Amino acid sequence: MLVLNQSYEPLGICRARRAVVLCFLGKAEIVERADGLRVHSVNDSFPIPSILRLSNFVKIRRRSVPLTKPNLMRRDNYTCQYCGVRHVPMTLDHVVPRTHGGKDSWDNLVCACGRCNSRKGDRIPGEAGMKLARQPKKPHYFAFVLSSLGKPPAEWRPYLFIS
Ligand SMILES: [Zn+2]
């Protein structure tokens, strides 16, 4: 069960039993129900949340995903951000080339196939007549860790900022 902060930022995952208890105690509210799943007590039954949101804001220490080549590749799903090709050797492309002042950063590095990288050369995408599939940005720590464990349920994805 996906746990969201009061701000809707993803915080972690918990077991169904804990999710139900948190909602029952009024410490969290159900954002999405798990399809048709309920827990039963002697006199009653409660829906099991698939996503719950805490009633109080929890302050957490922000951790960040290290900027490394494997992590950049994973963020971009090993897909060339210019032509969409996969399953070919990938390189990292500086969207704004270093010679133009481009930095080594999450929002300036993308996964690109060798063909696109050499076609783009030392130019910004517009100059080369190329377009990025999406604006690169720093991944959210928890969402990044969770997505590495496998494909999260479809209803979680909007809250994890992944498509
Ligand atoms: Zn490409």
Side-chain angles (χ1 to χ4, degrees), residues 1-16 19 28 30-37 48-54 57-163:
M1 314 298 138
L2 178 65
V3 182
L4 304 176
N5 210 338
Q6 193 201 26
S7 58
Y8 287 94
E9 184 185 351
L11 278 184
I13 45 179
C14 75
R15 290 185 187 280
I30 298 177
V31 176
E32 294 269 355
R33 292 178 177 195
D35 252 350
L37 295 177
I48 296 181
S50 170
I51 304 174
L52 63 157
R53 175 186 169 223
L54 298 181
F57 183 76
V58 177
K59 226 175 160 177
I60 47 158
R61 194 166 58 88
R62 273 181 198 280
R63 286 198 276 180
S64 54
V65 183
L67 181 71
T68 62
K69 185 173 177 181
N71 284 344
L72 278 155
M73 296 284 174
R74 227 172 76 198
R75 179 201 62 185
D76 292 343
N77 205 18
Y78 308 94
T79 305
C80 174
Q81 295 300 291
Y82 294 106
C83 72
V85 77
R86 296 191 71 186
H87 309 299
V88 297
M90 289 291 171
T91 61
L92 283 183
D93 172 61
H94 285 81
V95 179
V96 176
R98 270 190 285 212
T99 50
H100 291 51
K103 301 259 185 313
D104 286 344
S105 62
W106 283 107
D107 51 14
N108 194 47
L109 283 165
V110 292
C111 185
C113 71
R115 222 174 116 234
C116 287
N117 204 337
S118 59
R119 184 182 147 203
K120 178 170 170 286
D122 209 13
R123 297 177 292 180
I124 59 170
E127 286 174 344
M130 297 164 81
K131 223 178 140 200
L132 283 168
R134 58 181 179 168
Q135 201 54 41
K137 58 181 184 184
K138 185 176 178 171
H140 183 277
Y141 181 79
F142 171 69
F144 193 77
V145 171
L146 191 66
S147 66
S148 70
L149 300 175
K151 214 172 172 192
E155 70 264 28
W156 291 14
R157 300 176 78 80
Y159 297 95
L160 299 173
F161 321 111
I162 48 181
S163 47

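On a predicted model such as this, the values are computed, not experimentally measured, just so you know. Sequence positions, counted from 1, serve as the residue numbers for this chain. Whatever order the structure lists ligands and atoms in, that order sets their numbers, starting from 1.
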key: P139 versus F144, closest heavy-atom pair with distance   = CB-CD1, 3.7 Å
inquiry  = Tell me whether R115 at atom CZ has more than 12 heavy atoms from other residues, nucleotides or ligands lying less than 6.0 Å away.
reply    = no
remark   = The side-chain contact (heavy atoms from CB on, under 4.5 Å) partner of C113 among R119, H87, M90 is M90
ask   = Which N, O or S atoms belonging to the protein are less than 2.8 Å from the Zn ion (ligand 1)?
value = C80 SG, C83 SG, C113 SG, C116 SG
query = Is it true that a side-chain atom of E32 and a backbone atom of I30 form a donor plus acceptor pair closer than 3.5 Å?
reply = no
query = Any side-chain heavy atom of W156 sitting closer than 4.5 Å to one from L4?
reply = no
inquiry  = Among residues at least two apart in sequence or on other chains, which ones pass side-chain contact (heavy atoms from CB on, under 4.5 Å) with R98?
reply    = H94, D104
